[in-house]
Amino acid sequence: MRWWQRLLVTLILAPLLWRLGVCYIASQQGSTWAELAQQSVGVLLSIFILFTVPALLLCGLLLLSDQALHRLGLDLMTVLVSPLIAFGIAEAVLHLVTDPRVQAAQGAVSLAVFYGLIWGLTIRERRRRLDGPSYVETTTA
């Protein structure tokens with residue numbers, strides 16, 4: 001999967017999966033799915049508006065970490081490293097920025113982890129094709 005495809009999938013899928021998880025937890029606490037679906041439209045719209053630019057910056061950092069891991073030959077570590085990087089950045093912002101609006105958005109930490117998780121899970125190694133005969137042994141009797 002190319003980097004821009006991963007970016008689109010991450011930006012679209014992460015907020016949807018995050019909201020689905022939040023709705024599931026709220027439904028277990030007594031909310032109805034109808035109420036949650038009605039609230040989700042506004043919440044998802046605000047997430048897509050408010051968090052798209054920070055998510056673009058986050059995905060840019062994740063792309064840089066992908067390149068570093070690729071050079072080290074550790075491409076599959078992206079699945080673990082990306083959510084950790086996203087979590088670390090979100091936690092650092094909460095600790096460094098004391099603005100009440102930022103502190104009110106503590107749910108953004110779990111959303112950032114979802115961005116990192118989706119980014120990490122969309123990694124796909126290229127398959128190396130071997131030129132020449134296949135490995136099926138041919139025997140002559």
Can you get from Leu17 to Phe48 by hopping between Ile, Leu, Val, Met, Phe, Trp and Tyr side chains that sit under 4.5 Å apart?
-> no
Considering all heavy atoms, the nearest Leu80-Leu84 contact = O-CG, 3.3 Å
Provide the closest heavy-atom pair for Leu111 versus Ala14 in the form atom of the first, atom of the second, distance.
-> CD1-O, 4.3 Å
Between Pro15 and Leu44, is any pair of side-chain heavy atoms under 4.5 Å apart?
-> yes
Distance from Thr52 atom OG1 to Leu58 atom CG, nearest 0.5 Å?
-> 12.0 Å
Any chance CD of Gln28 has more than 12 other-residue heavy atoms, nucleotides or ligands included, within less than 6.0 Å?
-> yes
In terms of hydrophobic clustering (I, L, V, M, F, W, Y; side-chain heavy atoms under 4.5 Å; direct or indirect links), are Val22 and Ile47 co-clustered?
-> yes
Using the side chain to side chain contact (heavy atoms under 4.5 Å, CB included) rule, pick out the option among Ile123, Leu76, Val81 that qualifies with Leu69.
-> Val81
In this structure, CG of Leu20 is separated from CZ of Phe114 (nearest 0.5 Å) by 8.5 Å
Test item: Tyr115 and Leu62 side chains (from C-beta on) under 4.5 Å apart, heavy atoms = no
Quick one: pull up CG in Leu63 and CG in Leu56 and give me the separation to the nearest 0.5 Å.
-> 12.0 Å
Closest non-hydrogen atom pair between Trp18 and Val43, with its separation = CZ3-CG1, 4.3 Å
Spacing of Leu13 atom CG and Leu121 atom CG [to the nearest 0.5 Å] | 9.5 Å
Are Leu8 and Val53 in one and the same hydrophobic cluster, where Ile, Leu, Val, Met, Phe, Trp and Tyr link if side-chain heavy atoms are under 4.5 Å apart?
-> no
Looking at CG of Asp75 and NE2 of His70, how far apart are the two atoms once the value is rounded to the nearest 0.5 Å?
-> 5.5 Å
Spell out, yes or no, whether Leu117 and Leu16 are grouped together once hydrophobic residues are joined by side-chain heavy atoms under 4.5 Å, including indirect joins.
-> no
Shared hydrophobic cluster for Ile49 and Phe51 (ILVMFWY, side-chain gaps under 4.5 Å) = no
Considering non-hydrogen atoms only, spot the tightest contact between Arg19 and Leu36 and give its length.
-> NH2-O, 3.9 Å
Can Asp66 and Trp3 be counted as having a side-chain donor-acceptor contact under 3.5 angstrom?
-> no
The reported gap from CD1 in Ile118 to SG in Cys59 (rounded to nearest 0.5 angstrom) is 10.5 Å
Keeping the roles fixed (side chain from Gln5, backbone from Arg2), state whether a donor-acceptor pair exists under 3.5 Å.
-> yes
Atom of Gly116, atom of Ser82 and distance for their closest heavy-atom approach = O-CB, 3.2 Å
